[in-house]
Number of protein chains: 2
Amino acid sequence: MYKLFFESFNRKVPLTAEEEKQIKQYLTPKKLRKKQYLLQEGDVCRSVAFVEKGALRAYSVDDKGGEHIIQFGLEGWTIADLFSFLTGEPATYNIDAIEDSELVLISKSAQEELLQRFPKYETFTRLNITGAYLAMQRRLTSIISFTLEERYTNFISLYPDIAQRVPQHMIASYMGLTPETLSRVRQKMIRR
Amino acid sequence: MYKLFFESFNRKVPLTAEEEKQIKQYLTPKKLRKKQYLLQEGDVCRSVAFVEKGALRAYSVDDKGGEHIIQFGLEGWTIADLFSFLTGEPATYNIDAIEDSELVLISKSAQEELLQRFPKYETFTRLNITGAYLAMQRRLTSIISFTLEERYTNFISLYPDIAQRVPQHMIASYMGLTPETLSRVRQKMIRR
DNA sequence: AAAATACATTGACAAAGATCAACAGGAAAA
DNA sequence: TTTTCCTGTTGATCTTTGTCAATGTATTTT
């Protein structure tokens, strides 16, 4: 239990056995079946989820019912509506499972105590959010600077695992495209 | 000196006079004239800059010479090529001054010592990067979900100060558009 | 096994945005 | 002052992407 979570933690900030044992008490495991919601728009996001196994997506829904994926969460990543989690405002994103998944939940109160009690946890959190920031900046740069084909190639080589496990229309959504357009980009690339 | 920096710091994490005095020793002031570079693509980003006064932009340049603004930095914001700063790899962004500016620089070694010596500095850093992450996520959501007009309106109401002080073609670049397209969006909005 | 659903592809057409070129006003530089 | 450069606008046209509809296939559900 919590295997990947502590692997990831120790890689960033090494823990003693005792620390690990104490931190464990703040964690809650959760399993999610494919298509189940972890969070629905309008609800308050009460915990951050570390993905031990499986795949999730966070997305918003526009007036016309269109879904826009803001983030994927595969093994080793953290997923949440961070703004809602931090402020207590209603969530603007939905989060659901693309595959059967196993999560480690950290509630708001757990997060607060962990930050207070364990300086190493604050470092872990800081490094995580920094990594997430850099990943998102790369994505944004890609969007405003490159052609579709470059962006898609980029995505594939950066996240081959996502490309393989997730349906293409979701990748289109993540890229801000219609499924048809992505399909055509791929055809063009294959014909070479 | 460093007035805004410590205001911002104290708002997030209150400091004693003694702490403030000690932290000051790690900071370096720098003035930049309009159009001067703080960082050029290919160089290593050796410090993070807090903007005390003025306005800067971080941008990448594509093969055809097109500029793509990834971030503005006005008073109270921090600007850097964070990836380059953290890894020591050559920077992929340029940073220059849009107006005459005054900065507070924190070098890599200063950053490391501050993080080690002052838990409050780590908290400050964590809160800063979290804020930057949330701002970027809002921007990304806007890009993949909304129409141009919605995005522009959104931008204006979120950053009225940027909209006023920065030339429109830079805002177009920030939005991933040509100046002509942004001009047309504005005309359409004015005619109502 | 049959039916229903989800997924990817293709075509025809419409809409959005980019490109190229010209022009005008204002600020900065000479 | 005169000149140059920077900025924003507009028009005409081209390219890219979206929309709508149809189709085939795989996957899930019953």
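Numbered from 1 within each chain, the chains take letters A, B, ... in sequence-line order.
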* Asked: Under the criterion side-chain contact (heavy atoms from CB on, under 4.5 Å), which of B:Phe118, B:Phe9, B:Tyr121 is the partner of B:Leu15?
  -> B:Phe9
* Structure fact -> Tested for side-chain contact (heavy atoms from CB on, under 4.5 Å) against A:Arg57, the lone hit among A:Asp96, A:Ile70, A:Leu38 is A:Asp96
* B:Tyr174 six-ring face occupied by B:Arg139 cation (under 6.0 Å, within 45°) -> yes
* Base-contact (B) and sugar-phosphate-only (S) positions in nucleotides 8-26 of chain C, heavy-atom cut-off under 4.0 Å, - elsewhere -> SSBBB----SSBBB-----
* **Whole-Å distance separating the CD1 atom of A:Ile171 from the C1' atom of C:dC7** => 13 Å
* Can you check the A:Lys35 NZ to D:dT28 P distance for me, whole Å? -> 9 Å
* Asked: Backbone N or O of B:Leu4 within a donor-acceptor pair of the B:Ser8 side chain at under 3.5 Å?
  -> no
* Report yes or no: does B:Ser173 contribute a side-chain atom to a donor-acceptor pair with the main-chain N or O of B:His169 at less than 3.5 Å? => no
* To do: Grab the CG-P distance between A:Asp100 and D:dT28 for me, whole Å please.
  => 11 Å
* Please find out if less than 6.0 Å separates the ring center of B:Phe5 from that of B:Phe124. => yes
* Asked: Quantified as the angle between the terminal helix axes (five pairs each), what is the overall bend of the helix from C:dA1-D:dT30 to C:dA30-D:dT1 to 10 degrees?
  -> 50°
* To do: Please identify each residue that fulfils side chain to side chain donor-acceptor pair (under 3.5 Å) with B:Thr123, with sequence neighbours left out.
  => A:Glu122
* **Derivation of the side chain to side chain donor-acceptor pair (under 3.5 Å) call for A:Glu20 and A:Asn10** => CA-CA 9 Å; A:Glu20 206 167 296; A:Asn10 277 292; 3.2 Å; yes
* Structure fact -> A:Met175 CE to D:dG18 P, in whole Å, measures 10 Å
* Asked: For the pair made of CD in A:Glu149 and C1' in D:dT16, what is the distance, rounded to whole Å?
  -> 13 Å
